[in-house]
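Shown next, in structure tokens, is the structure this report addresses.
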2 protein chains.
Amino acid sequence: MTPTDTDPQFHRSRSEGYLVNHMARLFARAIQDGIKPLGLSTGTFPVMLALWEKEGRTQRELVAELGVEQATMANTLARMERDGLITRRAHDRDARVQTVWLTEQARQLQAPAIQAAQEVNIAATRGMSAAERATLMSLITRAIDNLSES
Amino acid sequence: MTPTDTDPQFHRSRSEGYLVNHMARLFARAIQDGIKPLGLSTGTFPVMLALWEKEGRTQRELVAELGVEQATMANTLARMERDGLITRRAHDRDARVQTVWLTEQARQLQAPAIQAAQEVNIAATRGMSAAERATLMSLITRAIDNLSES
DNA sequence: CAAATATATATAGCAAGCTATTTAAAAATG
DNA sequence: CATTTTTAAATAGCTTGCTATATATATTTG
């Protein structure tokens, strides 16, 4: 096979990139089904998780923690504010910064939202042993680390 | 722990759904970097793979093969036609149907695009043995199958 | 064969991601 | 201290995904 030949073995079903994309779309659809009744979505859910853990974070901190671009976070927070999930307060000493707080209504969603997410995780790993599930998470984490470096 | 308590163990970094979403975004960024110079993108690349394998498919066939919604495929094909990657021809016997064909220019992209995708797969699996890589793909495939059923 | 149903595709409208650019405030520096 | 640089957030504009609906053509059926 010369360098310019196309690998005859290459196929979607054997490419990590394709499989990952496909799996992610299926996860997103399933999670959406579970949390939409709560007024949440795949974009807002990770922000909620971060805020349930600790409120009063800045946009900058959320960007660093969740690994999305700043513009993506700015838009997501704007939708969350519009939909009554968060409020923002001015920072004491830095007028550029706002801190992000959950509304009381949003705080109530923690338990049902996490339950919905766990149900999807269970459905996705049906038939896998605990060890296989741990292996899957470990290998995914390693892929994330690899791709985060480059 | 009562049924309404929140699982104190639940965290993004231990949730398949979150990890999968994060990994998929990193893959998408990396692949985009590699194929954007070729005029391709994460949305068009899977369609190209299907058409490099066999041209003349219908939109309906592409939808079934790639597992995206019909509306998503309609929009993707419209962009691909606009960008000179595909042309569409009327079906002989059914006026509702069009068949999809690659432009000559698009046919030339197969080798470099596949190479770019493979480089990302290699980067993502750096440090993994062949067996680990096979395990990862197998577990992902099982998750896809699980989520496709429900 | 006319009416009803099914199928193939397109369109509208939204969310969530991205890059690139803008705006405003803070911090650093000549 | 005035200017430059840096930082925080917003905005513009695009793609890719979704659901829901519309449109046009086949197909089925009373």
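Letters go in sequence order (proteins before strands), and every chain restarts at 1.
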(request) Report yes or no: is the cationic atom of B:Arg88 (NZ for Lys, CZ for Arg) under 6.0 Å from the centre of the six-membered ring of B:Trp101, at an angle within 45° of the ring normal? (result) no
(request) Could you check how far CD1 of B:Ile35 sits from P of C:dC18, rounded to whole Å? (result) 16 Å
(request) Among B:Arg57, B:Lys54, B:Arg60, find the one that has a salt bridge (charged side-chain N to carboxylate O under 4.0 Å, His left out) with B:Glu65. (result) B:Arg57
(request) Report the distance from atom CZ of B:Arg57 to atom P of C:dA8, rounded to the nearest whole Å. (result) 16 Å
(message) Donor-acceptor pair, distance only, cut-off 3.5 Å: does the side chain of A:Thr44 make one with the backbone of A:Leu40?
(response) no
(request) Give a yes or no answer on whether the side chain of B:Asp94 reaches the backbone of B:Arg96 with a donor-acceptor pair at less than 3.5 Å. (result) yes
(request) Go along nucleotides 9-17 of chain C 5' to 3' and tag each nucleotide: B for a protein heavy atom under 4.0 Å from its base, S when only backbone or sugar atoms are that close, - otherwise. (result) BBB---SSS
(request) Would you kindly check if the NZ (Lys) or CZ (Arg) of A:Arg107 is within the cone defined by 45 degrees around the ring axis of A:Trp52 and under 6.0 Å from the six-membered ring centre? (result) no
(request) Could you tell me the separation between the CG atom of A:Asp33 and the C1' atom of D:dC18, rounded to a whole number of Å? (result) 11 Å
(request) Verify, without hydrogens or angle tests, whether A:Glu55 (side chain) and A:Leu102 (backbone) share a donor-acceptor contact under 3.5 angstrom. (result) yes
(message) Just the rounded figure in Å: distance from C1' of C:dT19 to CD1 of B:Ile31.
(response) 18 Å
(message) Using whole Å, what does the distance between atom P of nucleotide C:dA8 and atom CZ of B:Arg93 come to?
(response) 13 Å
